[in-house]
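Predicted, not measured: the structure shown is a model, and the values here were computed from it. Order of the sequence lines fixes the chain letters, A, B, ..., with proteins taken first and strands second; residue numbering starts at 1 for each chain.
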Number of protein chains: 2
Amino acid sequence: MHTHKSTLEEVAAVAGVSKMTASRALRGAPDVSIKTRDKVLQAAERLNYLGNRLALSLSSQRTDLVAVVVPSMSNIVFPEVLAGISTGLEGSGMQAVFGISDYDVTKERNIIRDMLSWRPSAIIVTGLDQPDETVRMLKNAAIPVIQIMDLDGTPIDFNVGLSHGKAGEEMASALIAAGRKRFGYIGSALDRDLRAAKRKAGFERVLHENHLAFIGQRLGDTLSSVGLGKYLTHQLLSAEPSFDCIYYSNDDMAAGGAFAIIEASRTDDILMAGFNGLELAAALPLRIATSRSPRRMIGEVAARLALGSMAPDAPSVSKITAFVPEITGIV
Amino acid sequence: MHTHKSTLEEVAAVAGVSKMTASRALRGAPDVSIKTRDKVLQAAERLNYLGNRLALSLSSQRTDLVAVVVPSMSNIVFPEVLAGISTGLEGSGMQAVFGISDYDVTKERNIIRDMLSWRPSAIIVTGLDQPDETVRMLKNAAIPVIQIMDLDGTPIDFNVGLSHGKAGEEMASALIAAGRKRFGYIGSALDRDLRAAKRKAGFERVLHENHLAFIGQRLGDTLSSVGLGKYLTHQLLSAEPSFDCIYYSNDDMAAGGAFAIIEASRTDDILMAGFNGLELAAALPLRIATSRSPRRMIGEVAARLALGSMAPDAPSVSKITAFVPEITGIV
DNA sequence: TGTGTTACCGATACCGGTATCGATACCAAG
DNA sequence: CTTGGTATCGATACCGGTATCGGTAACACA
């Protein structure tokens, strides 16, 4: 068993051909005789030859790497996006490299700089609200930049996602149309989760248009979680008893809200609304309203854009892919 | 604004020094005069020099990449592991590359082969049950292999995780000690999720020792989810009404079970037990039992091993890091 | 037999960095 | 003035592949 990494040169030596011929044979190039090809393949097999993508990429000036930056892994949303990206990249020979920014723009900048030094073929970043310096760096990279999740802002290049402002608006409209009037809001870390803030702002715009407003709200400062949603809901309900609807920053928080209601065994009719359309939300013993965000799909589309935009015969694809979240759970 | 990627050579030219001196200056090597260093740094700044990790790695024969293979991203467990890895790698200059195997050994092998061709400095894979061919490939890579999550089996090199067999045993012991006697089981895809299967086997061992057995079970064949847990629980309860405890393959399924109980508004005392200690489980309006698995910590330790084991002065670290999950939720 | 063509293969020059060794200049000591 | 040491820098050879071009042999055809 060979435990050191064998090189193309060694494979060539064993096969009794030149490095160049071995390279061609392994890549399935046309001008190699069947006999030679087999010799090389056998040699490679025998030496457990793996190839060296570093050398390949450096030499051929293309990297087969797609950089991905997401803000968090602590709820299921971004993992699902990553799964979508992984699916979209499958079979293409591309590899995803990822980084987590923890909703921190400085960290995000550092991660992006790091990523770019790997010379990826494309980079997928979350949101449109990068500071100027980061934007400059991304533009400078001269590779396709794909900003995902959010549409509210000015994209650098490609943009796949949905308008969170509009999602908030439409949820508010739907809830008002369903007869709700006394609204509360529960969210957290809106200074960092800008998309949640945009949803809230959109929601409030519609409230104002209808001469309504949140009559009570609770804001946490840690990242959203089921427990936090439950805790804040308990707080809000014990302080101000007369809501008929609570809008949450997302489904995790809303699920916590549902748990609070169940625990308190309240029988008054409060409709809770979240965002994302998590699998969890649909299974709750209490119906909650939510906007279904196509997370996997966004990842898949982003991956296809990453692949497609560098194909030589790249058809002129749309720079912006907009999804409209479907609202469910309002009777 | 320079939009093409600038090279070290160009930086050197602008600074009026040789490539080598520029390289030294940028890396902060000692034998460069302050004046020269500043000239080079300014030139790099002006050209937006980024560096090229491919060339660096190829030249220096080390890659600063850590490959990570996980089976799934569809529940929060593995994302949390990844977050832990990301945290553990932070500041080290290492980058994580990841792949999702979808609980498919063939896919896993292909992903690992792909990863290895990037010549990572270490590789982190999930579980101990890789087929021989994959094991051979991993051994052959001559880099630290870190197998995570599971301890029940023969590790290739490093091993960080917990014994799922024992976790099942201890949960069973605790439940029996708490007076439970009539057990049901609900799980899914046990042919692929081998760790869940090991927990079930451990649980059953203790049941048998106590002259007990599952008196009813339901197995799904899709991946576990809250909805599936709820569905199977409804099924099980309507068919066989007399359980006092149901063991689930994990917390997602158990949460679904809790929802089923709440929906059916059953007042009989059925204790549901899961595995993982998810944040969700603690927030449920119904107390469920669970074993807390240190997912983030496993990721962090794995990352530290990846870093530590290649340090030149690597202290002889333990090859196996065993965690013992804490059981909560049993009154 | 001479001449193209085609099929196959190898030599060489890169890709963008780093390791290594040697060169130069400058200064202090003898 | 010579010698030696130190600080600073550059030339060169890699790392492991691929692109490119040129060479050789075999075959078809005139």
Asker: Can you tell me which residue among A/Val301, A/Ile298, A/Ile146, A/Ile124 is in a side-chain contact (heavy atoms from CB on, under 4.5 Å) with A/Ile85?
Answerer: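 For A/Ile85, the side-chain contact (heavy atoms from CB on, under 4.5 Å) check succeeds only for A/Ile124.
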Asker: Reading DNA chain D in the 5' to 3' direction, which nucleotide is the first one with an atom under 4.0 Å from a heavy atom of chain B, and which is the last?
Answerer: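 Range of nucleotides touched by chain B: D/dT8 to D/dG16.
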Asker: Which residues pass the salt bridge (charged side-chain N to carboxylate O under 4.0 Å, His left out) test with B/Asp157, sequence neighbours left out?
Answerer: B/Lys319
Asker: For B/Arg24 and A/Arg24, take the nucleotide of DNA chain C holding the closest heavy atom to each; which residue's nucleotide lies nearer the 5' end?
Answerer: A/Arg24
Asker: List in numerical order all residues of residues 27-42 of chain B for which some heavy atom is under 4.0 Å away from an atom belonging to DNA chain C.
Answerer: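 DNA chain C contact set from residues 27-42 of chain B: B/Arg27.
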Asker: Main chain of A/Gly51, side chain of B/Ser117: is a donor-acceptor contact present, judged purely on distance under 3.5 Å?
Answerer: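 No.
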Asker: Tell me every residue that passes salt bridge (charged side-chain N to carboxylate O under 4.0 Å, His left out) with A/Asp193, counting only those two or more places apart in sequence or in another chain.
Answerer: none
Asker: So, using salt bridge (charged side-chain N to carboxylate O under 4.0 Å, His left out) as the criterion, who are the partners of B/Glu80 when residues are at least two apart?
Answerer: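 Checked B/Glu80 against salt bridge (charged side-chain N to carboxylate O under 4.0 Å, His left out); matches are B/Arg295.
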Asker: Who are the salt bridge (charged side-chain N to carboxylate O under 4.0 Å, His left out) partners of B/Arg296, not counting sequence neighbours?
Answerer: B/Glu300
Asker: Looking at residues at least two apart in the chain, or sitting in another chain, which of them share a side-chain contact (heavy atoms from CB on, under 4.5 Å) with A/Arg37?
Answerer: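 Checked A/Arg37 against side-chain contact (heavy atoms from CB on, under 4.5 Å); matches are A/Ala25, A/Val32, A/Ile34, A/Leu41.
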Asker: What residues, two or more places apart in sequence or in another chain, satisfy side chain to side chain donor-acceptor pair (under 3.5 Å) together with A/Thr134?
Answerer: none
Asker: In residues 13-20 of chain B, which ones come under 4.0 Å of DNA chain C, going by heavy atoms?
Answerer: B/Lys19, B/Met20
Asker: Can you tell which of B/Glu108, B/Lys107, B/Arg109 makes a side-chain contact (heavy atoms from CB on, under 4.5 Å) with B/Val69?
Answerer: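 Exactly one candidate clears the test, B/Glu108.
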Asker: Tell me, please, which residues at least two apart from A/Thr106 pass side chain to side chain donor-acceptor pair (under 3.5 Å).
Answerer: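 Applying side chain to side chain donor-acceptor pair (under 3.5 Å) to A/Thr106 gives none.
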Asker: Between the main-chain N or O of A/Ala83 and the side-chain N or O of A/Thr87, is there a donor-acceptor pair closer than 3.5 Å?
Answerer: yes
Asker: Listing request: all side chain to side chain donor-acceptor pair (under 3.5 Å) pairs with a residue in residues 143-155 of chain A, at least two apart in sequence or in separate chains.
Answerer: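 Every side chain to side chain donor-acceptor pair (under 3.5 Å) pair that includes a residue of residues 143-155 of chain A, provided the two are not neighbours, is A/Gln130-A/Gln147, A/Asp150-A/Lys198, A/Asp152-A/Ser163.
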Asker: In degrees, rounded to 10°, what is the bend between the two ends of the helix from C/dT1-D/dA30 to C/dG30-D/dC1, using five pairs at each?
Answerer: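 The end-segment axes of the helix from C/dT1-D/dA30 to C/dG30-D/dC1 are tilted 60° relative to each other.
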